[in-house]
Amino acid sequence: QEFSSLVQAPVAMGDDSLRKILECSGVELSGFALERLSLELVKGESRLRQVTDGGVMRVVNLVLLKLIKTETTEVLVDCSETLPDGVIVQHAYLPGGKQRPDENHFIAAQRILTTKLGFDENCVTLHNTGVHVFEESADSPSYPGLRTLYRKKVISGTVTPPLADDDMSTVVSGATSAWMQPNVTRNHSSQISQARTPTSKKCVRWSGA
């Protein structure tokens, strides 16, 4: 796992201590993996905050990308996820990821572009103005019963594909992801699907505005 030496490392919390905190807050632990939450806290991808009623709330900083294809004004949409058991969950929202404590939202956006979406950053222009910031409180699908505050930053950007189809490999590249080559110059319903990982398989596609 990646940890940054640029900021103070989060203090690891043992599973027993974390279990005690959650149980005292009335969280039913049978709905999610405790080790997964513990690792998320250690990596700084989320934190637990005590609330006025004596319980705890999970706080997550998310960076979402509104990527628009310059030729067609289509928007890249995260449209489904295939779980390890083969169940396909359909949805429609902007692709993104969690912001780490050693990152500002633009550095996080660059990491998401290259490592999660597999884009060549030279083909993407992120706009440093007009960042939309909002908060949403909801139960987490990953940790049922644990209230989560999502602090979301939406960054807009434009994707300019190469002129020749042979150059499309420069748009979708990177060893950490295996994406199908989208025919962005002609096919408005082109699909990009990520190689299977041990946890899930994501699918994103261009959608007409």
Side-chain angles (χ1 to χ4, degrees), residues 7 10 13 18 21-34 36-68 74-83 87-113 115-117 119 124 126-158 192 194 197 199-209:
V7 295
M13 182 184 300
L18 181 57
I21 291 174
L22 295 175
E23 287 178 344
C24 290
S25 301
V27 178
E28 175 56 51
L29 300 181
S30 61
F32 58 86
L34 196 65
R36 180 180 174 185
L37 176 60
S38 178
L39 179 60
E40 183 181 274
L41 294 170
V42 169
K43 293 171 65 177
E45 293 180 342
S46 71
R47 61 186 179 87
L48 295 180
R49 187 179 74 183
Q50 189 170 13
V51 292
T52 54
D53 62 3
V56 294
M57 174 177 284
R58 174 173 166 260
V59 180
V60 181
N61 292 321
L62 294 177
V63 174
L64 305 178
L65 301 177
K66 184 179 180 181
L67 300 177
I68 301 175
E74 292 173 304
V75 178
L76 192 66
V77 176
D78 189 333
C79 57
S80 70
E81 180 177 6
T82 303
L83 303 179
V87 175
I88 298 177
V89 180
Q90 301 288 344
H91 48 238
Y93 48 68
L94 298 176
K98 298 169 185 171
Q99 180 182 334
R100 300 191 307 225
D102 60 313
E103 299 174 322
N104 63 38
H105 46 288
F106 283 104
I107 292 177
Q110 291 288 351
R111 173 176 56 81
I112 293 166
L113 274 174
T115 64
K116 293 191 66 175
L117 298 178
F119 277 99
V124 180
L126 296 178
H127 307 315
N128 57 10
T129 59
V131 177
H132 182 45
V133 181
F134 62 99
E135 294 185 351
E136 179 184 14
S137 181
D139 279 342
S140 168
S142 302
Y143 310 108
L146 179 59
R147 289 175 293 177
T148 299
L149 176 65
Y150 297 99
R151 293 175 172 169
K152 302 180 180 181
K153 294 184 176 73
V154 181
I155 300 176
S156 298
T158 53
I192 311 171
Q194 189 178 31
T197 67
T199 54
S200 63
K201 179 181 178 182
K202 287 277 190 178
C203 175
V204 296
R205 70 171 66 242
W206 294 107
S207 176

*Are the side chain of Gln110 and the backbone N or O of Ile107 linked by a donor-acceptor pair below 3.5 Å?*
no
Q) So do Leu146 and Asp139 actually touch side chain to side chain, heavy atoms under 4.5 Å? A) no
Solution key, residues 46-61 side-chain donor-acceptor pairs under 3.5 Å, sequence neighbours excluded:
| unit_1 | atom_1 | unit_2 | atom_2 | d |
| --- | --- | --- | --- | --- |
| Ser46 | OG | Glu40 | OE2 | 2.5 |
| Asp53 | OD1 | Gly55 | N | 3.0 |
| Asp53 | OD1 | Arg147 | NH2 | 3.4 |
| Asp53 | OD2 | Arg147 | NH1 | 3.3 |
| Asp53 | OD2 | Arg147 | NH2 | 3.3 |
| Arg58 | NE | Glu40 | OE2 | 2.8 |
| Arg58 | NH1 | Ser140 | OG | 3.4 |
| Arg58 | NH1 | Thr148 | OG1 | 3.2 |
| Arg58 | NH2 | Glu40 | OE1 | 3.2 |
| Arg58 | NH2 | Glu40 | OE2 | 3.2 |

Item to complete: Begin from the C-alpha positions of Arg111 and Glu103 and carry the test salt bridge (charged side-chain N to carboxylate O under 4.0 Å, His left out) through to its verdict.
Response: CA-CA 10 Å; Arg111 173 176 56 81; Glu103 299 174 322; 2.6 Å; yes
- Query: Is it true that atom NZ of Lys98 has more than 12 heavy atoms of other residues, nucleotides or ligands lying nearer than 6.0 Å?
  - Reply: yes
Value for CD (Glu45) from CG (Leu62), rounded to nearest 0.5 Å, stands at 10.0 Å
Scanning both residues in full, the closest heavy-atom pair of His105 with Ile155 reads O-CD1, 3.6 Å
What one should report as the nearest heavy-atom pair of Gln90 and Cys79 is OE1-O, 3.4 Å
Between the CG atom in Leu113 and the CG atom in Leu65, the distance rounded to the nearest 0.5 Å is 5.0 Å
query: Do Tyr93 and Val77 have side chains that get closer than 4.5 Å, going by heavy atoms?
result: no
* Asked: Side chains of Pro95 and Ile112: closer than 4.5 Å at any heavy-atom pair?
  -> no
(message) Side chains of Leu76 and Phe119, heavy atoms from C-beta outward: is any pair under 4.5 Å?
(response) yes
Item to complete: May I have the step-by-step check of side chain to side chain contact (heavy atoms under 4.5 Å, CB included) for Thr158 and Leu67, ending in yes or no?
Response: CA-CA 5 Å; Thr158 53; Leu67 300 177; over 6 Å; no
Rounding to 0.5 Å, atoms OG (Ser156) and CG (Asn128) come to a distance of 11.5 Å
Q: Decide yes or no for Leu94 and Asp78: does some side-chain heavy atom of the first lie under 4.5 Å from some side-chain heavy atom of the second?
A: no
Discussion item. Would you say that Leu22 contacts Leu34 through its side chain, given a criterion of any heavy-atom pair below 4.5 Å between the two side chains?
Written reply: yes
Side-chain donor-acceptor distances from residues 130-138 under 3.5 Å, at least two apart:
| unit_1 | atom_1 | unit_2 | atom_2 | d |
| --- | --- | --- | --- | --- |
| Glu135 | OE2 | Arg151 | NE | 3.3 |
| Glu136 | OE1 | Lys152 | NZ | 2.6 |

Here the gap from Glu23 atom CD to Leu18 atom CG, rounded to the nearest 0.5 Å, amounts to 10.0 Å
Check whether any side-chain N or O of Ser25 sits under 3.5 Å from a backbone N or O of Ile21 as a donor-acceptor pair, and report yes or no.
yes
